[in-house]
Peer 1: 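I'd like to ask some things about the structure below.
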Amino acid sequence: RPVNIPRKEKDFQGMLEYKKEEEPKLVKNLILVEYVFKLKPRGVAVNLIPGLPAYILFMCVRHADYLNDDQKVRSLLTSTINGIKKVLKKRGDDFETVSFWLSNTCRFLHCLKQYSGEEGFMKHNTPRQNDHCLTNFDLAEYRQVLSDLSIQIYQQLVRVLENILQPMIVSVMLEHETIQGVSGVKPPGLRKRTSSIADEGTYTLDSIIRQLNTFHSVMCQHGMDPELIKQVVKQMFYIIGAVTLNNLLLRKDMCSWSKGMQIRYNVSQLEEWLRDKNLMNSGAKETLEPLIQAAQLLQVKKKTDEDAEAICSMCNALTTAQIVKVLNLYTPVNEFEERVTVSFIRTIQMRLRDRKDSPQLLMDAKHIFPVTFPFNPSSLALETIQIPASLGLGFISRV
Amino acid sequence: PAQRQRPRVLLKAPTLAELEEMNLSEARREP
């Protein structure tokens with residue numbers, strides 16, 4: 001065993017050396033592990049640098065580049081990509097695992113750019129970081145592969161969070177009544193639906209807020225790029241809005257003045273969550289606009305020509321089919337409310353006939369917004385990075 | 001300081017689909 005002589009950090013060049021035959025072990029211990037246990041031994045969170053696996057991999061790439069060993073670089077990059085794909089195949093339904101590898105794949109991609117030697121990516125580098133740029137190889141094609149892989153992982157993350165949120169949405173956003181007494185009277189002749197996944201009361205607004213908090217804190221702990229977190233949150237809000245609106249459009253018992261009130265309250269709580277997390281500029285709130293307008297439509301007066309005009313200018317995020325459907329389903333729950341007359345609905349249809357909107361009634365709840373990974377260089381100095389013993393990488397050495 | 005040169009050798013990379021295919025054929029070869 002080599003004697004471990006302490007060295008000053010400035011002596012290190014931010015590279016990691018390993019033998020070619022140790023590559024499978026490196027990939028196994030760094031990628032194909034259950035990070036949940038590695039990062040949190042005995043339930044205690046260890047303060048590891050977010051993106052540490054990505055930095056370690058990049059420092060290994062740097063050493064292979066320094067050796068001018070193209071086979072070693074190629075082999076490591078291929079094994080890395082295959083390893084990440086393997087983990088995601090095995091644990092692809094686990095939010096923490098997918099978030100962890102999305103964060104690390106993006107960080108690895110940013111490292112390949114930041115240290116590529118291309119001027120456009122070096123603007124924020126320190127002189128020392130510029131010294132750490134790759135010297136022999138241009139890895140632009142591998143950057144493209146990692147970007148494609150990041151898109152795949154992002155889509156997988158969206159499916160995972162969708163599976164978790166889906167059973168909660170209708171219960172929380174439509175069925176559960178947070179505002180007590182608003183709809184004390186049930187519409188006559190309407191039976192309570194029993195086909196919902198969760199019984200009424202199983203999930204509350206608090207459940208979904210707690211779930212959003214969990215998603216957000218996991219992504220932050222993994223050091224996911226803030227711009228990427230915004231895109232995930234926007235996608236989550238889109239799913240919540242689309243699933244809620246689609247159910248409202250299919251359920252007569254959800255189309256009442258008081259449900260409009262309840263939905264607006266729920267939406268305000270989601271907005272409050274965005275404000276609290278400083279995510280108001282994520283575009284998430286805007287994805288709720290069709291739902292907000294549907295809730296308003298349930299609450300406004302629906303009688304005169306002036307009402308029809310107001311509705312047409314207010315509901316610009318709803319299609320004509322959706323507006324007409326809500327008006328048709330609208331059910332008064334007490335003597336102060338009235339059914340919407342057929343002639344009022346005709347007036348609305350006449351006013352909207354020139355609109356070139358889609359005939360679609362339901363929103364595409366499976367739609368995924370295109371994702372981007374804006375370059376986010378790191379100020380971390382590679383030469384200061386130390387590898388915790390818990391990672392089991394004692395066979396690689398700092399150079 | 002000397003002007004840093006851009007890395008010279010472009011390493012050709014397989015696409016994700018090609019990687020998948022390579023892995024599949026490798027798996028098929030294994031008993």
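Computation of the quantities below employed the complete heavy-atom set of this structure, encompassing side-chain atoms and omitting hydrogens, waters and symmetry-equivalent molecules. None of the values given here were measured: they were computed from a predicted structure. Chain identifiers are assigned alphabetically (A, B, ...) following the order of the sequence lines, protein sequences preceding nucleic acid strands; residue numbering begins at 1 within each chain.
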Peer 1: Report yes if the side chains of A:Asp70 and B:Leu11 come closer than 4.5 Å at any heavy-atom pair, otherwise no.
Peer 2: yes
Peer 1: Does atom CZ of A:Phe121 have more than 12 heavy-atom neighbours, drawn from other residues, nucleotides or ligands, at distances under 6.0 Å?
Peer 2: yes
Peer 1: Please find the pair of heavy atoms, one from A:Gln152 and one from B:Leu16, that lie closest to each other, and give the distance.
Peer 2: NE2-CD1, 3.6 Å
Peer 1: At what distance, to the nearest 0.5 angstrom, does CG of B:Asn23 lie from NZ of A:Lys86?
Peer 2: 9.0 Å
Peer 1: CZ/B:Arg8 to CG/A:Asn136 distance, rounded to the nearest 0.5 angstrom?
Peer 2: 6.0 Å
Peer 1: Give me the contact list for residues 73-83 of chain A versus chain B, heavy atoms only, anything under 4.5 Å, ordered by residue number.
Peer 2: A:Val73, A:Arg74, A:Thr78, A:Ile81, A:Asn82
Peer 1: Do you know the tightest heavy-atom contact between A:Val145 and B:Pro14?
Peer 2: CG2-O, 3.2 Å
